[in-house]
Amino acid sequence: SVMGHITKNAAKMFNLREGASLVAGTTDSIAAFFACTHDLENLTPGVAVTSLGSTTALKLVSTIRVDDASTGVYSHRLDDKFWLVGGASNAGT
């Protein structure tokens with residue numbers, strides 16, 4: 001989805017082309033979370049989604065960010081209240 005365009009100031013600051021499209025995207029496991037959670041306005045901590053494929057991923061709604069590289073746990077910012085905490089593992093396919 002096109003979110004906007006690169007401004008003159010941002011183009012100069014980051015060495016980008018002024019007017020280039022600014023687009024949003026996501027990972028497959030985040031997309032799976034959105035596909036399974038129909039009411040994003042009423043999320044509660046503890047709601048979780050697991051997606052299975054060549055990678056198995058778990059995403060859990062939390063009010064706190066959790067990152068632990070030693071266990072492969074990481075967080076994505078969901079909105080101004082919540083984080084999606086989780087991890088992923090190769091399923092061996």
Side-chain angles (χ1 to χ4, degrees):
S1 299
V2 175
M3 305 298 293
H5 295 88
I6 302 297
T7 65
K8 182 177 183 175
N9 288 341
K12 185 176 179 179
M13 184 180 296
F14 297 107
N15 195 29
L16 299 170
R17 183 176 56 84
E18 182 180 351
S21 296
L22 180 63
V23 298
T26 191
T27 65
D28 53 357
S29 60
I30 301 273
F33 178 85
F34 287 130
C36 293
T37 50
H38 303 289
D39 189 4
L40 294 175
E41 296 296 319
N42 294 303
L43 283 179
T44 55
V47 170
V49 170
T50 299
S51 59
L52 305 173
S54 58
T55 299
T56 300
L58 171 70
K59 301 294 181 205
L60 175 97
V61 177
S62 175
T63 57
I64 59 173
R65 179 179 178 163
V66 180
D67 293 297
D68 183 356
S70 70
T71 60
V73 174
Y74 54 91
S75 297
H76 293 276
R77 188 65 154 156
L78 183 58
D79 61 15
D80 60 344
K81 297 184 294 187
F82 298 119
W83 293 89
L84 284 180
V85 177
S89 177
N90 184 300
T93 58

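What you see is a predicted model, and the numbers here were worked out from it, not measured in a lab. Counting begins at 1 with the first residue of the sequence.
A donor-acceptor pair is defined here as one N or O able to donate and one able to accept, closer than 3.5 Å; such a pair exists between the side chain of Ser75 and the backbone of Val66.
The structure places NE2 of His5 at 13.5 Å from CG of Leu16, a figure rounded to the nearest 0.5 Å. Within the model, atoms CG of Leu22 and CD1 of Ile6 stand 5.0 Å from one another, a figure rounded to the nearest 0.5 Å. Taken to the nearest 0.5 Å, the CG atom of Leu58 stands 4.5 Å off from the OG1 atom of Thr50.
Each side-chain hydrogen bond (donor to acceptor under 3.5 Å, both in side chains) pair with one or both residues in residues 15-24, not counting sequence neighbours, would appear here, but there are none. Among residue pairs with one or both ends in residues 56-72, those qualifying as side-chain hydrogen bond (donor to acceptor under 3.5 Å, both in side chains) are Lys59-Tyr74, Arg65-Asp67, Asp68-Ser70, Asp68-Thr71; sequence neighbours excluded.
Between Leu78 and Leu43 the shortest side-chain heavy-atom distance falls below 4.5 Å. Side-chain contact between Val61 and Phe33: present, with at least one pair of heavy atoms (C-beta onward) separated by less than 4.5 Å. Taking 4.5 Å as the limit, some side-chain heavy atom of Arg77 sits within range of a side-chain heavy atom of Trp83.
A pairwise comparison of heavy atoms in Gly46 and Leu60 identifies O-CD1, 3.4 Å as the closest pair.
In terms of hydrophobic clustering, with Ile, Leu, Val, Met, Phe, Trp and Tyr side chains grouped at heavy-atom distances under 4.5 Å, Val49 and Ile30 are assigned to a common cluster.
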